Amino acid sequence: MKFVDLSAQYQAYKQEIDEAMQQVIDTAAFINGPDVRALEEELAAYCGAEHAIACSSGTDALLIPFAAMDLQPEDEVIVPAFTYIASASMISFWGARPVFVDVDEVTFNLDPEAVSKAVTPRTKGIVAVSLFGQCPDLDSLQKIADEHHLWILEDGAQSFGARYHGHCSCSMTDFATTSFFPAKPLGCYGDGGAVFTGDPEMAARMRMFLSHGQEKRYHHAMIGINGRMDTLQAAIVRVKLKHFEEELTSRNAAADYYTRELTGIVETPRIREGDRSTWAQYTIKSARRDRIRTFLQELGVPTAVHYPLPLHHQKAFAYLQDSGPYPVAERLSMEVLSLPMHPFITDEQLAAVVQAVKESLA
Ligand SMILES: *Cc1c(COP(=O)(O)O)cnc(C)c1O
């Protein structure tokens with residue numbers, strides 16, 4: 001059994017993917033080929049964002065808006081203590097200061113009350129991560145942002161395709177980013193990502209930054225990076241995007257099954273009424289997490305711990321001298337366990353995972 005079965009997905013769309021890749025190779029349009037612009041338009045149309053800008057990874061996607069908005073060294077940016085390192089490391093990389101905030105017990109996402117308390121006169125924005133595929137309480141976060149004149153950047157690396165109060169992830173905030181890392185719900189065959197905004201001026205600056213700050217050929221208005229997405233990757237994401245809604249339906253059916261079978265045995269994830277998760281991860285909670293994990297491993301059922309170490313305990317952030325405590329983040333890091341989840345998981349595989357979890361606790 002695989003944790004994420006990318007081979008099954010390739011087999012399902014093989015002909016389309018092969019053709020799309022072959023066409024890029026035949027035309028040799030490897031950089032800035034027509035698939036890149038076409039993908040940007042399709043991503044924007046899919047999620048309802050004004051501007052979508054394809055880029056080299058979900059990590060670069062998080063750096064690009066900071067450059068466009070000219071974030072300064074003294075500036076503080078609020079970010080959850082419980083997330084993947086990239087949500088916070090690009091703030092540091094750009095020279096600004098990440099300010100960790102604890103997360104909500106139920107959604108694993110930013111706790112608005114804790115965010116409110118963390119705002120200082122130096123706070124400029126909030127990186128609101130949509131962890132495991134569910135958006136945070138964006139309405140409450142937006143209220144805080146409006147009150148203090150902050151921007152919000154949704155880190156939608158795991159949530160492109162999710163819905164919050166009827167709106168699509170990556171369309172609701174000043175900036176949003178996603179990742180096409182292969183194992184993400186919408187993945188490519190290497191690294192890739194995208195940035196979204198409703199602000200045309202910011203969109204133009206972001207585009208310039210990811211292309212060496214170039215205004216026109218060999219004329220550079222700002223210091224930038226090579227943050228472009230390969231045409232090959234864009235061509236692959238375009239094929240997968242056509243099947244994405246169907247895949248999300250399938251992921252949701254798998255999640256519903258897990259929840260039906262495992263509720264009362266372990267703590268199962270809860271999605272806000274009326275919202276939709278992409279189920280980038282199906283993550284249970286149990287005080288006996290390590291026992292379950294070892295037992296499943298012996299039966300050949302792969303699991304993962306996202307994430308075993310909250311950000312304030314990462315050596316890379318020791319310079320911040322922030323030891324917390326962030327009790328929810330700390331408890332989650334000890335109790336969470338992600339089960340196999342992908343659109344091609346079979347009923348038999350789902351049943352085997354459930355059976356194994358039940359036995360591990362018997
Ligand atoms: C995967 C991920 C990223 C980074 O994306 P890459 O494409 O791997 O650079 C950033 N934030 C979160 C929450 C992620 O899960």
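For clarity, every value in this text was computed on a predicted model and none was experimentally measured. Whatever order the structure lists them in is the order used to number ligands and atoms, beginning at 1.
- Side-chain atoms of R289 come within 3.5 Å of backbone N or O of M334 as a donor-acceptor pair.
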Applying side chain to side chain contact (heavy atoms under 4.5 Å, CB included), run through S57 and F181 and close with a yes or a no.
CA-CA 7 Å; S57 72; F181 180 80; over 6 Å; no

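- Cluster annotation: L337 is connected to V353 through the hydrophobic network of ILVMFWY side chains, with a link wherever side-chain heavy atoms come within less than 4.5 Å.
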Kindly print each ligand 1 N/O atom paired with any protein N/O atom under 3.5 angstrom away, one pair per line, or none if nothing qualifies.
from, atom 1, to, atom 2, distance (Å)
ligand 1, 5 (O), S179, OG, 3.3
ligand 1, 7 (O), G58, N, 2.8
ligand 1, 7 (O), S179, OG, 2.6
ligand 1, 9 (O), G58, N, 3.3
ligand 1, 9 (O), T59, N, 2.8
ligand 1, 9 (O), T59, OG1, 2.5
ligand 1, 11 (N), D155, OD1, 3.4
ligand 1, 11 (N), D155, OD2, 2.7
ligand 1, 15 (O), Q158, NE2, 2.7
ligand 1, 15 (O), K184, NZ, 2.7

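- Two rings, from Y13 and H243, have their centers less than 6.0 Å apart.
- Aromatic ring centroids of F160 and Y46 lie under 6.0 Å apart.
- With hydrogens and angles left out, the side-chain atoms of Q134 and Q158 include no donor and acceptor closer than 3.5 Å.
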